[in-house]
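Read the numbers this way: they start at 1 and go in the same order the structure lists the ligands and their atoms. Counting from 1, the numbers follow the sequence of the chain as shown. The basis for the numbers below is simple: all heavy atoms, side chains too, and nothing from hydrogens, waters or symmetry mates.
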Amino acid sequence: MKKILFLFLSIFSWNLFANFEVITLGNSGGVVVGTTTSYIIRDIKSKFYLGLDAGSTVNGLEMALKKGNFKDIRVPEDSKYTKLGYIFRDSIKGYFLSHAHIDHIAGLVMSSTEDTKKNIYALPSVIDILEKNVFNWRVWPNFGDSGEGFKLGTYSYKKMEVGKEFEIEETGLYGRIFPLSHSNYESSVLIIRSGDEYFAFFGDTGADKVEKSDLLRNVWKELGQKLKDGKLKGIILEVSFPNSVEDKNLFGHLNAKWLIDEMKVLSEYSGGTENLKKLNVIINHIKPNFLKDSNPEEIIKKEIDKENIYKIKFFYPKSGDSIIF
Ligand SMILES: [Zn+2]
Ligand SMILES: [Zn+2]
């Protein structure tokens with residue numbers, strides 16, 4: 001009887017508890033092609049990933065392979081593809097696109113000729129731009145299933161409703177999308193659920209106080225209780241610029257100061273600043289430059305360290321790094 005109970009409990013908790021693997025494929029906010037925002041995520045019980053933006057998909061997968069990741073993924077013997085090709089084509093089962101800026105979609109567009117059929121989940125505004133301005137036979141052939149001219153149909157556009165949960169096919173994951181303000185432009189965040197645990201991926205966003213918006217606050221309301229309950233495993237959030245950049249020049253992005261200010265808002269919904277210690281944050285989208293005596297990554301890291309009065313756990317993974325949360 002005890003054995004049966006144990007078995008039951010382990011099957012039960014197997015479904016309830018999730019560990020997410022997040023592989024960074026690209027984490028910059030521009031300048032160098034093949035380094036810009038893209039991640040893949042899976043529940044480690046699954047072999048299938050969801051792409052989170054796609055600025056530099058294949059370059060990042062190559063780095064991840066070089067760093068010894070994907071050990072549990074076996075290319076079937078009858079497959080004619082390399083391991084890199086197999087992972088790109090068959091292990092990634094769909095993409096979430098936070099917005100259609102080129103640093104978030106370039107990898108997907110460039111490699112679309114080699115991709116297999118999959119879903120692109122996004123807010124309608126993002127899909128509209130892909131249809132009209134990207135996959136339109138002028139910028140690139142129409143790999144979508146709607147829009148202009150002949151439709152190659154590699155990608156099924158899934159226009160998602162704000163806040164409504166949907167299944168991310170073949171991954172065991174579920175998602176909900178909320179809009180973000182990115183300087184008069186709609187960006188978005190995906191809250192991912194597996195069982196009873198969560199991970200959130202934020203597209204580019206400014207601080208509410210700068211953007212004169214309450215969209216980030218709405219997301220903190222969603223995530224606060226989950227953090228309090230220990231069910232929010234982590235988030236990916238942008239910090240694009242050092243604190244020296246004036247608010248009017250942030251163009252819908254965060255700096256260290258505004259990041260910590262937003263964390264304070266999150267704490268209003270997560271039972272106080274004490275619970276922020278439980279939060280894991282991957283810092284994304286640092287913008288490189290060509291200045292001789294300035295390394296934005298070092299500056300931003302130092303500024304975040306200095307401002308981090310709440311002892312939040314910040315991560316700065318490089319392309320190809322895998323972290324399990
Ligand atoms: Zn960007
Ligand atoms: Zn952007």
Lys/Arg-Asp/Glu bridge criterion (N-O < 4.0 Å) met for Glu297, Lys318: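 Yes, charged N to carboxylate O under 4.0 Å.
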Pair Glu268 + Arg217, salt bridge at N-O below 4.0 Å: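 Yes, Glu268 and Arg217 are salt-bridged.
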Polar protein atoms near the Zn ion (ligand 2) [N, O or S; cut-off under 2.8 Å]: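 Counting only protein N, O or S atoms under 2.8 Å from the Zn ion (ligand 2), the list reads His99 NE2, His101 ND1, His182 NE2, Asp204 OD2.
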Minimum-distance N/O/S atom that His285 presents toward the Zn ion (ligand 1):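 For His285, the N, O or S atom at the smallest distance from the Zn ion (ligand 1) is NE2.
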Heavy-atom donor-acceptor pair, Asn275 side chain to Ser270 backbone, under 3.5 Å: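 Yes, Asn275 side chain to Ser270 backbone: donor-acceptor pair under 3.5 Å.
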Within the 6.0 Å centroid threshold, strictly below: Phe96 and Phe166: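 Not under 6.0 Å, so no.
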Aromatic ring proximity, centroids under 6.0 angstrom, Phe20 and Phe201: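 Not close enough - the centres of the two rings lie 6.0 Å or further apart.
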Donor + acceptor pair across side chains of Ser187, His182 (<3.5 Å):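 The criterion, which ignores hydrogens and geometry beyond distance, is not satisfied for His182 and Ser187.
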